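Notes for the one structure printed next.
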Protein chains: 2
Amino acid sequence: MSMKNVPDIVVGRLPLYLRALSFLGEEGRQVTSSQELGQKLGISPAQIRKDLSHFGEFGKQGTGYDIKYLSEQLRRILKVTEEREVALVGAGDLGRALIHYEGFAGKGFRIALVFDSNPQKIGQTIGPFEVLDSESIETIVADRGIEMAIVAVPASAAQDVVDALVRAGVRAILNYAPITVKVPAGVQVQYIDPVIHLQKMTYYL
Amino acid sequence: MSMKNVPDIVVGRLPLYLRALSFLGEEGRQVTSSQELGQKLGISPAQIRKDLSHFGEFGKQGTGYDIKYLSEQLRRILKVTEEREVALVGAGDLGRALIHYEGFAGKGFRIALVFDSNPQKIGQTIGPFEVLDSESIETIVADRGIEMAIVAVPASAAQDVVDALVRAGVRAILNYAPITVKVPAGVQVQYIDPVIHLQKMTYYL
DNA sequence: TATAGTATGTTTATAATTTCACAAACGCGA
DNA sequence: TCGCGTTTGTGAAATTATAAACATACTATA
C-alpha cells in the first residue's frame, strides 16, 4: 500500500473498476469479489487484487468487497469526489454532443465553459452555455481556476488551443483532435480518435 | 519480420505511426526517421524500429523511411487500403456528430448505415442517411456483409445492440457506451468513454 | 466450538515489453 | 574512391507487468 510510484497502467484501470462498481451498486448489490469484477471487465482477479493493494486493503477475506465502500475509496484515490469544472473548446457537432452528454454527472466532471473561434458561434447559446470567444481562453479559464479541458476542434487548430489552455493553467487535457500535441512536462493529455480505435481492429479482421 | 504473433500492443501503435506519417506527408515531407517520429509521438525511436521490424524492413540505413512508402505498407498491414463500410447504431447527439465527422475519409472507413430504436427518429434523414429501425440490424447488416460497427447508444441498450450486431456477423465494434459488453471469441471491441479518460488524469492532479 | 468453503493480500514465478548497444549499410563531400 | 556522419534492424539485457500460488482470515453451518 505504497501510494507512491503506482504504475500508470494500474491507475488507468481504476476508473474501469469504479465504473463496474457503479453498475453493480445501481443493481442493488452490496458486495462483490475480485473474481466477479474480473469477469465483468475481462481482467484477472489476481490483477484486480494486486492493483488495489497499491493503495491499501479494501476487502474482507472470505467475503469480498463492499461495493459502496470500495467505490468511495476509488473516488478518493482518483480525486473525483467533488465535481471539477471542465472547459470545452469547440462548439461543433462533437462539442454539442459533449454539452448534452449526461454521462459526466456524478462522475466527477461538469462542463463549465464553452469556447469557439467561429464568429458565427460566439455568443450563441447551446444548452445552458453562451459560447465564448476562444481568444479569451487564457484569461477566463485562468480566472476560474479551471485545470481540466476538453479539446474538440479540428486538428489544424488543436495545438494553438492546447497552448492557450496550458498558458491558462490547465494541467489535464482530453483531446479529440486527431493529432499528437506538444505540452510542457506536468501537463497530461489523453486522446480520443475513433479512427485510431477502428484501425487497431481491422488488423485482426 | 514474422507477421505471425505480433503483440497487440505493437499493432495498437501502428495507427499512430500512420497518422503521424500522414501529417508529415501533408506537409510535403518525403523522408523521416524513427527519431523524428518518436519525438512527435512521445515514443522511443528504438521502439518504433522494433515495432516495424515485426512486419519487414521498410527503412534505409543512413536515410530513414520514405514517408509515402511506409504509409502504404502500414495501410496494407492494417488492412485499411480500401474503405470499409461501418454500421452506426444510435442517432443521438453523438451519432449525429459521427455522421458529420469528416475524419473517416481516406482513413479506411465510411459510415454506410444508421440505426436507431426511437420511433421518432426512424425514417428521419440525417445527412445522407435515412435512419433505420434498430430491429432490422440483424437482417440489413448481414445482407450488406458489414463487419464493423460503431455503437453510440445509452449504456442500457448497448448489450442488446451488440448482441444484434454480432448475430449480423459484425466482428469489430467501437463502443461509445460506458459499459463493458460481452461478445463471443473472435469479436473485437474497443471502448471510448470520456469519463474514463478524464478520471485517469485526475489522479495526477 | 469445530469444520468446510471462500476470498483477500502478498509473495513468488512467469511472461511481456522496453531499452540498450552495435554491426551493417547508405549518402555525401572531399 | 575514401572517410565521416547518420540511421536502420536486431539480439541481448533490463525493466515492467501479469499470473499463479499460498498463508491468513472471515462466514456460515452443524
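Owing to the predicted nature of the structure, the values given are computational and were not obtained by experimental measurement. Note on naming: letters A, B, ... go to the chains in the order of the sequence lines (proteins, then strands), and numbering restarts at 1 for each one. We use all heavy atoms of the structure for the numbers below, so side chains are in, but hydrogens, waters and symmetry mates are not.
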Does [X] use its side chain to pair, donor to acceptor, with the backbone of [Y] at less than 3.5 Å?
| X | Y | answer |
| --- | --- | --- |
| B:Glu82 | B:Gly108 | no |
| A:Asp133 | A:Ser136 | no |
| B:Asp116 | B:Ala91 | yes |

Give each protein N/O atom lying under 3.5 Å from an N/O atom of nucleotides 28-30 of chain D, with the pair distance.
none

Please work out if B:Pro7 contacts a base, only the sugar-phosphate, or nothing of the nucleic acid, heavy-atom cut-off 4.0 Å. sugar-phosphate
Just checking B:Ile9: base, sugar-phosphate only, or nothing, at a heavy-atom cut-off of under 4.0 Å?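 Sugar-phosphate only.
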Using C1' atoms of five pairs at each end, report the bend of the helix from C:dT1-D:dA30 to C:dA30-D:dT1 rounded to 10 degrees. 10°
Salt bridge check: are A:Arg29 and A:Glu36 linked by an N-O gap of less than 4.0 Å?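 A salt bridge links A:Arg29 with A:Glu36.
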side-chain hydrogen bond (donor to acceptor under 3.5 Å, both in side chains) pairs, two or more places apart, involving residues 184-193 of chain B: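 Pairs touching residues 184-193 of chain B that pass the test: A:Arg19-B:Asp193.
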Any salt bridge (charged side-chain N to carboxylate O under 4.0 Å, His left out) involving residues 196-205 of chain A? Give me the pairs, sequence neighbours left out, ordered by first then second residue. none
Below 4.5 Å, heavy atoms only, C-beta onward: do B:Lys79 and B:Arg84 meet side chain to side chain? yes
Using a 4.5 Å cut-off on heavy atoms from C-beta on, say whether the side chain of B:Val153 contacts that of B:Tyr176. no
So, B:Thr81 and B:Arg75: side-chain donor and acceptor under 3.5 Å apart, yes or no?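 No, B:Arg75 and B:Thr81 have no side-chain donor paired with an acceptor closer than 3.5 Å.
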Testing C:dT18, C:dT8, C:dA7 for proximity to the side chain of A:Tyr65, the answer is C:dT8
After noting the C-alpha distance and the side-chain angles of A:Gln47 and A:Asp51, does the key distance pass the side-chain hydrogen bond (donor to acceptor under 3.5 Å, both in side chains) rule? CA-CA 6 Å; A:Gln47 178 145 88; A:Asp51 285 353; 4.9 Å; no
Show me the protein contacts with nucleotides 19-21 of chain C, counting only N or O atoms at under 3.5 Å.
from   : atom 1 : to      : atom 2 : distance (Å)
C:dT19 : OP2    : B:Ser44 : OG     : 3.0
C:dA21 : N6     : B:Arg49 : NH2    : 3.4

Please say whether more than 12 non-hydrogen atoms of neighbouring residues, nucleotides or ligands are located less than 6.0 Å from CD in A:Glu102.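 Not more than 12 within 6.0 Å, no.
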Expected string for nucleotides 24-30 of chain C under the B/S/- scheme (protein heavy atoms, under 4.0 Å, primed atoms plus P, OP1, OP2 as sugar-phosphate) is BBBS---
Please report the closest heavy-atom contact between B:Lys40 and B:Leu24, naming both atoms and the distance.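 Shortest heavy-atom separation between B:Lys40 and B:Leu24 comes out as CE-CD2, 3.5 Å.
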Do the rings of B:Phe104 and B:Phe109 sit parallel, tilted or perpendicular, given the 30° and 60° boundaries? perpendicular
